[in-house]
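Below is one structure, written out as structure tokens; the observations come after it.
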Amino acid sequence: CGHDGYGSEYPMVRARGLLPTSARDMIDLLLDSDRVKEYNKMSLGRKNEHFFAKGVHNPSKCPKTNIHGEAKIVRSRSQPPVVRKPVELRLFLHARRIDSENDDE
């Protein structure tokens, strides 16, 4: 079922799989901007622009921002194969530990 909407000329890819790693190692990989090219071959790099809170494994809130875990703004550049110019995005990344006994937060 095709359509003529914006971007319909570009192919989409959906993937999923099992990763032989722990949740902690996975979140460490995804939050480390220096390691983004290990899992994204189209990446031209990612830079941390601003931290609101650091330490995804820290169980307490940041006293200045009242944020659990790690929260930051990053600038990401990628070169997808179907686009001539690099794509630059600014993203808000947030991750925190969730305790099974504390589901209501």
Side-chain angles (χ1 to χ4, degrees):
C1 166
H3 63 80
D4 296 331
Y6 177 78
S8 62
E9 68 273 17
Y10 300 117
M12 295 298 294
V13 176
R14 180 179 179 182
R16 69 180 181 176
L18 297 174
L19 302 170
T21 188
S22 68
R24 184 181 194 123
D25 288 343
M26 178 55 106
I27 198 66
D28 288 341
L29 173 67
L30 293 175
L31 288 177
D32 188 345
S33 292
D34 293 331
R35 297 179 63 195
V36 71
K37 292 181 183 183
E38 290 181 34
Y39 61 88
N40 183 353
K41 302 302 180 202
M42 293 183 283
S43 175
L44 299 175
R46 187 174 81 193
K47 294 186 179 185
N48 300 324
E49 292 199 334
H50 181 77
F51 279 94
F52 295 98
K54 288 186 181 182
V56 69
H57 306 296
N58 187 350
S60 60
K61 291 183 180 181
C62 173
K64 288 184 178 181
T65 62
N66 206 29
I67 295 174
H68 265 196
E70 187 159 312
K72 62 184 176 178
I73 302 288
V74 298
R75 182 178 48 155
S76 174
R77 295 186 74 229
S78 298
Q79 182 65 63
V82 295
V83 181
R84 289 185 182 179
K85 293 183 179 182
V87 175
E88 184 171 300
L89 301 170
R90 288 211 169 48
L91 308 165
F92 175 74
L93 299 180
H94 175 251
R96 69 179 178 102
R97 181 184 177 108
I98 298 175
D99 295 323
S100 59
E101 300 95 37
N102 205 0
D103 291 331
D104 58 342
E105 269 191 50

Quiz item: If you measure from NE2 on His57 to CD1 on Ile27, what distance do you get to the nearest 0.5 Å?
Solution: 7.5 Å
Quiz prompt | Connected via hydrophobic side-chain network under 4.5 Å: Leu30 and Val36 | solution = yes
Exercise. Please identify each residue that fulfils side-chain hydrogen bond (donor to acceptor under 3.5 Å, both in side chains) with Asp25, with sequence neighbours left out.
Key: Ser22
Exercise. Using atom types as modelled and distance alone, determine if a side-chain donor or acceptor of Glu70 lies under 3.5 Å from a backbone N or O of Ala53.
Key: no
Quiz prompt | Nearest-0.5 Å distance that lies between atom CG in Leu31 and atom NE2 in His94 | solution = 10.0 Å
Self-check item: Pair Asn48-Lys54, side chain to side chain contact (heavy atoms under 4.5 Å, CB included): steps then yes or no
Solution: CA-CA 12 Å; Asn48 300 324; Lys54 288 186 181 182; over 6 Å; no
Quiz item: Can you list the residues that meet the side-chain hydrogen bond (donor to acceptor under 3.5 Å, both in side chains) rule with Asn40, with sequence neighbours excluded?
Solution: none
Practice problem: Taking ring pair (Phe, Tyr, Trp, His ring centres under 6.0 Å) as the test, write out the residues that go with His50, two or more places apart. | Solution: Phe52
Exercise. Tell me whether Leu91 is reachable from Val87 by hopping between hydrophobic residues (I, L, V, M, F, W, Y) whose side-chain heavy atoms are closer than 4.5 Å.
Key: yes
What pairs of donor and acceptor atoms, side-chain ones from residues 75-86 against any protein atom, are under 3.5 angstrom apart with sequence neighbours left out?
unit_1 : atom_1 : unit_2 : atom_2 : d
Arg75  : NE     : Glu49  : OE2    : 3.4
Gln79  : NE2    : Val83  : O      : 2.7
Gln79  : NE2    : Arg84  : O      : 3.4

Quiz item: So how far is it from Lys72 NZ to Lys47 NZ, rounded to the nearest 0.5 Å?
Solution: 14.0 Å
Practice problem: Only counting residues at least two apart or in another chain, list the ones meeting side chain to side chain contact (heavy atoms under 4.5 Å, CB included) with Asp32. | Solution: Asp34, Arg35
Practice problem: Determine, using the 4.5 Å side-chain heavy-atom cutoff (strictly less than), whether Leu89 and Leu44 are members of one ILVMFWY cluster. | Solution: no
Quiz item: Sequence neighbours excluded, which residues qualify as salt bridge (Lys or Arg N to Asp or Glu O under 4.0 Å) partners of Arg24?
Solution: none
Quiz item: How long is the span from the CE atom in Met26 to the CG atom in Leu19, to the nearest 0.5 Å?
Solution: 4.0 Å
Self-check item: Smallest separation among heavy atoms of Ser33 and Arg46, with atom names
Solution: OG-NE, 3.0 Å
